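Structure, as structure tokens:
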Amino acid sequence: MRVAFQTALLSCEPIFVPKLRRSCYPHPNLPISWFPTKTLVFSPFRAIMAVQSRPTVPVRDNIELNETEKKIFDRLLGTVRHFGLQNQLRVAGGWVRDKLLGKDCYDIDIALDNMLGSEFVEKVRDYLLHVGEEAQGIAVIPCNPEQSKHLETARMRICDTWIDFVNLRCEEYCENSRIPTVQKYGTAEEDAYRRDLTINSLFYNINTSSIEDYTKRGIADLKSGIIVTPLPPKSTFMDDPLRVLRAIRFGARFGFILDEELKEAASCDEVKAALSAKISRERIGTEIDLMISGNQPVQAMTYICDLKLFWVVFSLHPKYEPAVSEGCDRLCVAYLDATWNLIQLIGNSTFNDEQRRLALYTAMFLPLRKTMYKDNKAKKIPVVNYIFRDSLKRKVSDAETVINVHYAFEKFLPLIPYFVSNEDVLLTEFDWEREFVDVPLASKPRVLTGFLLRELKDFWRVALLMSTLVYPCNIDCTEDLLNKNFELERRRSLFKAAEDAILKLGLDKSWDIKPLVNGKDIMNVLQLKSGGPLVREWQQKILAWQLARPSATAEECLEWMRETHSKRLRME
């Protein structure tokens, strides 16, 4: 094989070679069947050049502890010494990775080599009480193998920081099952190979203050910017299918490349079926939320789309019979892409974290905003509602906000010419403003905008963002979006002009405006003995009158009511 590699390097011609596992250090206890040997076309020259052309990720040689981390680790080592324990205490996974990348991390997981986390937490509590400190927030989260949560986790607060404690594990499986039949304490090396990714398989040994890389490639992959599993990816994903989404999230977050064999495994039908069947929708929703809230949501959703996982994650209601149109998933990602880039151009400070998160969800599901299914009572329900509440198990308020913006953003479209030109525009053709026929024409844009903002509250900028994304409404922008022809500068100008106009009208926080007169005043003018639909109708009219006359007084409003009511009585 060495001769074949040398020949290929000189000739730059592809050759057939055995498909070796990418790990050069297979775990000695693994069966040889876990290392596939099927052949593929491979060019060593191209592979080497691809690795060499990718810039090396800066990785530190040592981990520097901050003062809080020093205090936490001192108390853990104090526990070991006080009780004469033989434990090796290791920080596992993400904390080690982030510290090596020079990033702050407050997610500390302690791996124990010969004791359950719940047992060690009790020891820590007793030690803290012994030295006159208070133990806080002790809890134990049981394992749930059917949902691919194989480890019991104990938690407690030390120095105002949550710390998780788990034992190192080694598992045995029966044939045709990834639920372990036997679990026992494992070595650090065995545990490292059971981790989701090589970059998450690193340990920091608290006892020796040293970094441990048992897969012999965790640091190398971190430097190379590669997302790869310690063991064959399909076996890793079948063990816990949520690892597919974690691989995507970390790949997007750090700008790392997904290993080709990993992508092949992630997109196979068996893994997709396991992701749907074995993983709770809450866990899937949490991973998606982390991606959407992260620094590269478009890349994460692009990976999900490329790996044919979009409709596995964002599953539709089973009663929704018509299949979504081909390419709908890519159109969803294109809307997300355009919105993400538009937000960056407008300025992140315009939106808070929650507004930005829900703006991205709103954009991604724009192609589905008119898609409905019928519930058991034959009532039409937006598919987006099902995605949030059932597929992702997110908050009810998330679904309500996104659906509300989907419904309301189109009301901004006829107002944009007014915002941009600040001239009178014809608004009477739009049905939704007919209830304000008593409002002077010049004041209608202000009144309509005020009511719209009262409907959307803090998310009016999100709705305005969506309207600028699809403006003008008579042009199909699908092709432009898919081709990334976003016209971002034009859309940014539209957004800023509309936002400035709304702020100049003094309508921000218009949902906090209190009516000049109350229901009792209305009943007195109308000479009613009790409230009802007529009072609610007048409350809307009074609010419209008030929005059209921001400096009016309660006395002026009551006088207008009396005059209007008298005219209507005479007309009758």
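Values below: every heavy atom of this structure, side chains too, minus hydrogens, waters and symmetry copies. Because the structure is a prediction, the values reported are computed rather than measured.
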Does a side chain donor of either [X] or [Y] reach within less than 3.5 Å of an acceptor in the other side chain?
| X | Y | answer |
| --- | --- | --- |
| N200 | R97 | yes |
| T198 | T215 | no |
| Y106 | D98 | no |

Mark yes or no for whether [X], through its side chain, and [Y], through its backbone, hold a donor-acceptor pair below 3.5 Å.
| X | Y | answer |
| --- | --- | --- |
| S391 | F388 | no |
| R549 | A544 | no |
| R249 | M291 | no |
| R491 | L469 | yes |
| R389 | V384 | no |
| Q299 | Q296 | no |
| T449 | R446 | no |
| K223 | G218 | no |
| T229 | L231 | yes |

Taking atom [atom1] of [X] and atom [atom2] of [Y], what is their separation to the nearest 0.5 Å?
| X | Y | atom1 | atom2 | result |
| --- | --- | --- | --- | --- |
| L464 | L494 | CG | CG | 9.0 Å |
| L505 | L547 | CG | CG | 10.5 Å |
| C268 | K308 | SG | NZ | 14.5 Å |
| R394 | I288 | CZ | CD1 | 9.5 Å |
| I381 | M372 | CD1 | CE | 8.5 Å |
| L222 | L101 | CG | CG | 4.5 Å |

Decide side-chain contact (heavy atoms from CB on, under 4.5 Å) for I226 and F256; before the verdict, give the C-alpha distance in whole Å, the side-chain angles of both, and the deciding distance to 0.1 Å.
CA-CA 5 Å; I226 300 174; F256 288 2; over 6 Å; no

Does a side-chain heavy-atom distance below 4.5 Å link [X] with [Y]?
| X | Y | value |
| --- | --- | --- |
| Y361 | L336 | no |
| R369 | E410 | yes |
| M238 | K234 | yes |
| L503 | E499 | yes |
| L358 | V462 | no |
| W511 | K457 | yes |
| S467 | I416 | yes |
| I502 | F419 | yes |

Could you go through the side-chain contact (heavy atoms from CB on, under 4.5 Å) check for R217 and V228 one step at a time?
CA-CA 10 Å; R217 60 169 304 167; V228 63; 3.7 Å; yes

For a side-chain contact (heavy atoms from CB on, under 4.5 Å) check, start with the C-alpha distance between R281 and D390, then their side-chain angles and the critical distance, and finish with the verdict.
CA-CA 7 Å; R281 284 289 159 177; D390 294 90; over 6 Å; no

So, for A266 and L309, which heavy atoms are closest and what is the spacing to 0.1 Å?
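The pair with the smallest heavy-atom distance is O-CD2, 3.7 Å.
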
Which heavy-atom pair separates T339 from A359 by the least distance, and what is that distance?
CG2-O, 4.2 Å

Where do R330 and D306 land on the salt bridge (charged side-chain N to carboxylate O under 4.0 Å, His left out) test, with the steps shown first?
CA-CA 9 Å; R330 298 208 171 272; D306 290 345; 3.0 Å; yes

Geometric class of the F351/F495 ring pair [parallel <30°, tilted 30-60°, perpendicular >60°]
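It falls in the tilted class, 30° to 60°.
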
Can you list the steps and then say if D239 with R243 is a salt bridge (charged side-chain N to carboxylate O under 4.0 Å, His left out)?
CA-CA 9 Å; D239 177 14; R243 289 170 172 172; 3.1 Å; yes

Which residues pass the side chain to side chain donor-acceptor pair (under 3.5 Å) test with K509, sequence neighbours left out?
D458

Tell me if the CG atom of D269 is crowded by more than 12 foreign heavy atoms within 6.0 Å.
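No.
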
Does E326 CD have over 12 foreign heavy atoms under 6.0 Å away?
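12 or below, so no.
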
Inspect the contact between R195 and D240 and indicate whether a charged nitrogen and a carboxylate oxygen are less than 4.0 angstrom apart.
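R195 and D240: not salt-bridged.
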
Provide the full list of ring-ring contact (aromatic ring centres under 6.0 Å, His included) pairs with a residue in residues 260-316, sequence neighbours left out, each pair given once.
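Pairs touching residues 260-316 that pass the test: F310-F314, F314-F365.
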
Check the pair L452, F412 against side-chain contact (heavy atoms from CB on, under 4.5 Å), reporting the backbone distance first and the verdict last.
CA-CA 8 Å; L452 185 51; F412 264 125; 3.7 Å; yes

Enumerate donor-acceptor pairs with a distance under 3.5 Å from any side-chain N or O in residues 398-409 to protein atoms, sequence neighbours excluded.
residue : atom : partner : partner atom : Å
D398    : OD1  : R357    : NH2          : 2.9
D398    : OD2  : R357    : NH1          : 3.1
D398    : OD2  : R357    : NH2          : 3.2
T401    : OG1  : S397    : O            : 2.8
N404    : ND2  : E455    : O            : 3.3
H406    : NE2  : T362    : O            : 2.9

